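Convention: sequence-line order gives letters A, B, ...; per-chain numbering from 1. What you see is a predicted model; the values in this text were computed from it and never measured.
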Amino acid sequence: MSAPLLEARGIVKSYGHVEALRGTDFTLLPGEVVALIGDNGAGKSTLVKILSGSERPDTGEIVVDGQRVEFGSVEEARAAGIETVYQDLALCADLSPAANFFLGRELLKAGLLGRLGVLDNAAMRARTQEACERLGVRLKSQAAPVSTLSGGQRQGVAVARAVTWARRVVFMDEPTAALGVVQTRRVLDLIRGVRDSGVAVVLISHNMQDVKAVSDRVEVLRLGRRVARFETARVSMEDLVGAMTGAVEQAGEVEQTGAAGTGPAGAVEQESPQ
Amino acid sequence: MSTTRSGPPPVRERRLGRARLRDLQVVWIAAVLVVLLVVFSALRPTSFATSFNLLNLVSDAAILLLLATGMTYVIITAGIDLSVGGVLVFSAVTATKAVDVTGSLLAGAATAVLTGLAWGLLNGVLVAKGRIPALIVTLGTLGMSLGGALLLTGGVDLRAPGDLNLGLGLARWLGVPLIVWICAAITAVLGVALARTRFGRHTYAIGSNAEAARRGGVAVNRHLIRVYGLAGLLAGVAGYLSLAKYGITGVSAHSTDNLQAIAAVVIGGTSLFGGVGTVLGTVIGVFIPVVLQNGFQILGVRPFWQQVVVGAVLVAAVYVDQRQRARRDQ
Ligand SMILES: Nc1ncnc2c1ncn2[C@@H]1O[C@H](COP(=O)(O)OP(=O)(O)OP(=O)(O)O)[C@@H](O)[C@H]1O
Ligand SMILES: [Mg+2]
């Protein structure tokens, strides 16, 4: 068992009166695919936003490589090699796919022009095209703004962007929600490919088939807390659904030993934080 | 959570067609301008199309062009700047005072530019950090700068320094007023910057989806402050140039500059919702009202019609933009 690449401990996050996260934990090991599942409103997207630096927790710790970190901005998380496909995709609809792809890290021309901030659009287009093709996202025109793309194409652009830049971790918040069967399979293949290249993946999905097909482990959130962890190979669909809905909670908080964690009962989240 | 789409190809093609139409918007308004020019020239070949008259057109438009260019940046971020006319006047007043004190025109120019920049940065900080709607912030600074200018002058228009009015104000190069060259050069540089640089790209990104820009690592607040600062700086330059051109600070002559600039920007195809627009469109949008006014004058049509027509065109332009947005976001 290797040391966790990324850990969240006791994360609390409230929006006004809504407690989105109530002291949740999360563990990601190097080179694995973890599925993060839970019902609508369980707090999955909120956790992803916190771990990717786009929101700050009220309390709680984020630990990368055993070091406590504070992500003050998305850039700091990016510097740690973390990229994200947000549930709302976070694309600028008026900009081209390439402009979105390189948003915040634009390529500049060489020499004086570059120092004046002049963009190298040709290079950005070419690299975007390449990355999208690898994912099977076919774009009719590189110049047309993202608003002219279909929902699936947009999702493809967002996934390709995150995967291309990630060095250590990719969060994917429902990356296949708008995708057809073929494209979904492509994304799942891509996730395996990303993992094989040494980048850990956190997949959020409501599709248990996909979760079973691609993940190594599953972590379950309910009402802002982690309530169970499983090794995918040893868990049934019923157990997953049961853990999400709370049906099997009383039957003993489910924790399969051998995966990550601090021991048999380590991940059993009781009412008290930590 | 899963949305299934049936028959995406035709949908996609139609959408692409619309995207091309939107790109053509600049071409359309350019065509309108050309038609206006042709019609007026045909109706009054001896008076409208003379080089003297065309030069007049350009001179009238030049200073407004600076304000409108700054406004283009601001509106592309989905903001608005109502304060430009007030900042222009205030900068002209401080410039006059600075020349009075120092006797140096250069000090006057620097004062105008820095004054404008300061007002713009104030706008930007209040909008970005204070999270106050731009409409309110800049309405407030419009009142503050106009009122401040009146306080500084005691309500009486100051005369521009003589060497400024007779120097820069009258100077020509290749037969064209120097002021026009200056405005054209600044506008050209900012047009290219908007279209081709990272600064421009971030301007579009913020107007299109500020949250996505932030998550993409764009320093949204800092960028907004810079954009409002740029608009203020241009208003400062405009203040100095109008001082040179008209010879007075014009404390009461600029209360509708903001509306003229906004009309030009919007007629030029920039979306009030942000994310879309070009400086080229704004240039055309500045000239359409000017040409109309001039043409009506020469034709003997009562000039009040110009206001009516420009108002109608403005409403039509926003209507078209809104329709396009609605279809896009459906
Ligand atoms: N910006 C916000 N403002 C207010 N409440 C929020 C905000 N973001 C999330 N919440 C609330 O926090 C809770 C968790 O939301 P979150 O989006 O993390 O859930 P989720 O697990 O991703 O759900 P889904 O499966 O529907 O995407 C919800 O009750 C939601 O209403
Ligand atoms: Mg979610």
Side-chain angles (χ1 to χ4, degrees), chain A residues 40 49 52-55 73-79 84 86-95 99-109 113-114 116-119 121 124 140-141 143-153 155 158 161 174 176-181 184 205-207, chain B residues 1-23 76 78 189 192-221 223 270-271 273-277 324-325 327-330:
Chain A
N40 292 127
K49 284 181 198 152
S52 61
S54 87
E55 307 238 339
S73 70
V74 178
E75 264 163 311
E76 288 171 30
R78 278 179 171 186
T84 310
Y86 294 97
Q87 189 165 11
D88 62 12
L89 303 184
L91 296 172
C92 292
D94 298 300
L95 299 188
N100 275 286
F101 208 90
F102 284 90
L103 187 60
R105 49 184 142 219
E106 290 81 3
L107 299 182
L108 301 180
K109 294 214 156 138
L113 284 179
L116 290 172
V118 176
L119 300 166
N121 282 315
M124 289 194 275
K140 285 208 170 149
S141 152
V146 163
S147 61
T148 65
L149 302 182
S150 75
Q153 288 174 312
Q155 208 145 29
R161 172 172 70 176
E174 306 196 26
T176 60
L179 299 188
V181 180
T184 297
S205 176
H206 288 286
N207 184 325
Chain B
M1 274 292 139
S2 71
T3 32
T4 44
R5 316 187 133 254
S6 51
V11 174
R12 224 173 296 156
E13 267 153 39
R14 252 189 295 133
R15 285 187 176 179
L16 262 187
R18 266 189 235 123
R20 256 183 243 124
L21 253 185
R22 192 184 249 299
D23 291 343
I76 287 174
V189 167
V192 172
L194 182 62
R196 294 260 173 266
T197 67
R198 180 163 56 191
F199 187 84
R201 178 64 54 82
H202 289 178
T203 305
Y204 285 107
I206 288 171
S208 186
N209 186 343
E211 179 61 17
R214 188 177 72 81
R215 291 195 207 151
V218 176
V220 173
N221 284 348
H223 193 85
T270 295
S271 169
F273 303 98
V276 175
Q324 279 176 332
R325 289 264 152 167
R327 271 198 236 128
R328 187 195 91 182
D329 298 337
Q330 76 194 348

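Atom CZ in B:Arg196 sits 14.5 Å away from atom CG in A:Leu116 (nearest 0.5 Å). Here NE2 of B:His202 is found 3.5 Å from CD of A:Glu106. Values are rounded to the nearest 0.5 Å. With values rounded to the nearest 0.5 angstrom, B:Asn209 atom CG is found 10.0 Å from A:Leu89 atom CG. Once rounded to the nearest 0.5 Å, the distance linking CZ of B:Arg215 with OG of A:Ser73 reads 13.5 Å.
With a 4.5 Å cut-off on non-hydrogen atoms, A:Leu103 touches chain B through its backbone and its side chain both. At a 4.5 Å heavy-atom cutoff, the contact between A:Asp88 and chain B is made by side-chain atoms alone. Contact annotation for A:Lys109: neither backbone nor side-chain heavy atoms come within less than 4.5 Å of a heavy atom of chain B. Only the side chain of A:Asn121 comes within contact range of chain B, with heavy atoms under 4.5 Å apart.
Contact count against chain B (heavy-atom pairs under 4.5 Å) is highest for A:Cys92 among A:Gly53, A:Cys92, A:Gly180.
Among residues two or more places apart in sequence or in another chain, the side chain to side chain donor-acceptor pair (under 3.5 Å) test is passed with A:Arg78 by none. For B:Phe273, the ring-ring contact (aromatic ring centres under 6.0 Å, His included) test picks out no residue, with sequence neighbours left out.
Under a 3.5 Å cut-off, the side chain of B:Ser208 and the backbone N or O of A:Asp94 do form a donor-acceptor pair. With B:Arg214 contributing its side chain and A:Ser54 its backbone, the two residues share a donor-acceptor pair below 3.5 Å.
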